[in-house]
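Let me begin by presenting the structure, written as structure tokens, before commenting on it.
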Number of protein chains: 2
Amino acid sequence: MAKQSAGAASGEGLEALLARRLREKGLRATPDRMRIFRVLARSAEPLTVRAVADRLRDDHLNITTVYRVMELFVALGIVHPVIVGHEAVGYELMAPFRPHHEHFLCAKCGRVVDIYDCPFEEAVAALSRDAGYEVTFHQMEMHGVCQACR
Amino acid sequence: MAKQSAGAASGEGLEALLARRLREKGLRATPDRMRIFRVLARSAEPLTVRAVADRLRDDHLNITTVYRVMELFVALGIVHPVIVGHEAVGYELMAPFRPHHEHFLCAKCGRVVDIYDCPFEEAVAALSRDAGYEVTFHQMEMHGVCQACR
DNA sequence: TTATTTGCAAAGCGTTTGCATTGGG
DNA sequence: CCCAATGCAAACGCTTTGCAAATAA
């Protein structure tokens with residue numbers, strides 16, 4: 001079922017938003033960049049550079065381009081890196097391109113479960129208020145055993 | 001309140017604990033492994049393989065050994081990988097070798113601030129109780145601007 | 001003693017870089 | 001038209017691997 005609405009507008013709108021963000025910085029909304037964005041938007045989990053390139057092999061997308069676009073997206077705050085298993089770094093869209101969520105990694109089946117109903121907002125807000133930290137982004141990573149595996 | 005005592009005994013005891021954990025698995029508590037452990041224990045922040053090797057250059061520690069020991073420590077749950085800046089993967093001791101804490105990354109000064117007074121325990125416990133996830137480890141990563149930089 | 005661990009050097013491979021070409025605005 | 005972006009291939013450097021020597025238990 002779709003948890004959509006939360007923070008992300010629908011597909012079309014997000015691409016327009018990305019294009020605007022790029023142009024604001026004097027950068028171009030090229031076909032390659034939009035393709036890479038779409039691949040990330042479709043994926044249910046973080047993708048490595050390699051994974052993105054693989055999914056765009058038919059479009060003759062050079063992997064060097066993926067590296068460069070990914071670096072750009074990180075710098076622009078469009079994606080952020082997350083450690084997938086024990087080492088591999090993957091990239092994932094962040095708000096407002098994708099609704100905020102936390103990660104739960106199951107030690108048994110190895111799956112990464114996204115938890116959209118973030119129960120930490122309150123505590124993070126409190127930290128901003130009381131401890132003087134201005135938190136603009138947060139991400140919780142939890143390890144353990146998922147429902148299905150117990 | 002100080003969550004100290006929680007799991008981490010003082011230096012000496014931790015090394016003994018590490019040695020025991022290794023031997024339990026039929027592995028050896030070699031000088032190199034203990035040295036690497038000590039370097040991690042002394043560090044205030046996550047260290048890359050390279051950083052560990054650099055700090056042990058005087059001991060003629062081969063970097064290949066550091067790679068192998070780090071891989072072992074990850075497998076044994078003695079350290080865990082964290083993304084440091086925008087990419088680099090560093091390693092950090094985890095409980096009970098180091099008290100549990102969260103990370104706050106300041107966008108201005110770039111420092112990584114450790115937050116020991118974890119305000120998320122409650123919510124994590126609730127998730128375990130109510131949603132059926134058995135959480136054995138969690139780590140929050142927050143980005144923003146720290147007190148000093150505001 | 002003996003299986004584990006380490007050092008060394010070579011191989012492997014993911015990532016970066018330079019430069020000419022293409023193409024978006 | 002101009003400068004950003006891409007493709008290609010070479011360069012780089014991090015990480016892994018094989019094997020012989022060293023060593024913890």
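Every heavy atom of this structure was used, including side-chain atoms; hydrogens, water molecules and symmetry mates were not. Every value quoted in this text rests on a predicted model; they were computed, and no experiment measured them. Letters A, B, ... mirror the listed sequences (proteins, then strands); counts begin at 1.
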Check the angle between the aromatic planes of [X] and [Y] and answer parallel, tilted or perpendicular using the 30° and 60° thresholds.
X: A:Phe104; Y: B:Tyr133; result: tilted
X: B:Phe37; Y: B:Phe73; result: perpendicular
X: B:His101; Y: B:Tyr116; result: tilted

Strictly by salt bridge (charged side-chain N to carboxylate O under 4.0 Å, His left out), give each pair with a member in residues 44-63 of chain A just once, sequence neighbours left out.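 Output for this query lists A:Arg35-A:Asp59, A:Arg50-A:Asp54, A:Asp54-A:Arg57.
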Just how large is the angle between the end axes of the helix from C:dT1-D:dA25 to C:dG25-D:dC1, five pairs per end, to 10 degrees? 50°
Answer whether the closest heavy-atom distance between the side chains of A:Ile115 and A:Met140 falls below 4.5 Å.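 With C-beta onward as the side chain, the pair stays apart.
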In Å and rounded to the nearest 0.5 Å, what is the CE to CZ distance from B:Met94 to B:Phe137?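 Those atoms lie 4.5 Å apart.
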Kindly compute the distance separating CD1 (A:Ile78) from CG (A:Leu18), expressed to the nearest 0.5 Å.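 Going from CD1 on A:Ile78 over to CG on A:Leu18, the span is 5.0 Å.
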Report each atom pair, protein N/O against N/O of nucleotides 11-15 of chain C, whose distance is under 3.5 angstrom.
| residue | atom | partner | partner atom | Å |
| --- | --- | --- | --- | --- |
| C:dT15 | OP2 | A:Tyr67 | OH | 2.2 |
| C:dT15 | O5' | A:Tyr67 | OH | 2.9 |

Between [N] atom [atom2] and [X] atom [atom1], what is the distance in whole Å?
X: B:Met70; N: C:dT5; atom1: CE; atom2: C1'; result: 17 Å
X: B:Met34; N: C:dT6; atom1: CE; atom2: P; result: 12 Å
X: B:Tyr91; N: D:dC14; atom1: OH; atom2: P; result: 14 Å
X: B:Glu71; N: C:dT6; atom1: CD; atom2: C1'; result: 15 Å
X: B:Lys25; N: D:dA25; atom1: NZ; atom2: P; result: 16 Å
X: A:His60; N: D:dG7; atom1: NE2; atom2: C1'; result: 13 Å
X: B:Arg20; N: D:dA25; atom1: CZ; atom2: P; result: 15 Å
X: A:Leu72; N: C:dT16; atom1: CG; atom2: C1'; result: 16 Å

Respond yes when some side-chain nitrogen or oxygen of A:Thr65 is under 4.0 Å from OP1 or OP2 of D:dG7, and no when none is. yes
How would you list, by chain and number, every residue that makes a side-chain hydrogen bond (donor to acceptor under 3.5 Å, both in side chains) with B:Arg21, sequence neighbours excluded?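 Checked B:Arg21 against side-chain hydrogen bond (donor to acceptor under 3.5 Å, both in side chains); zero matches.
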Pairing residues for A:Ser128 by the side-chain hydrogen bond (donor to acceptor under 3.5 Å, both in side chains) criterion, not counting sequence neighbours: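 A:Ser128 satisfies side-chain hydrogen bond (donor to acceptor under 3.5 Å, both in side chains) with no other residue.
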By nearest heavy atom, map B:Asp59 and B:Gly26 onto DNA chain C; which one lands nearer the 5' end?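 First, find each residue's nearest nucleotide; the 5'-ward one identifies B:Gly26.
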Could you run through nucleotides 17-25 of chain C and give me one letter per nucleotide, 5' to 3': B if any protein heavy atom sits under 4.0 Å from the base, S if only the sugar-phosphate is that close, - if neither? BB----BBS
Salt-bridged, B:Arg98 to B:Asp114, with N to O below 4.0 Å? yes
Over 12 non-hydrogen atoms of neighbours within 6.0 angstrom of CD in A:Glu121: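 Buried by this count: over 12 neighbours within 6.0 Å.
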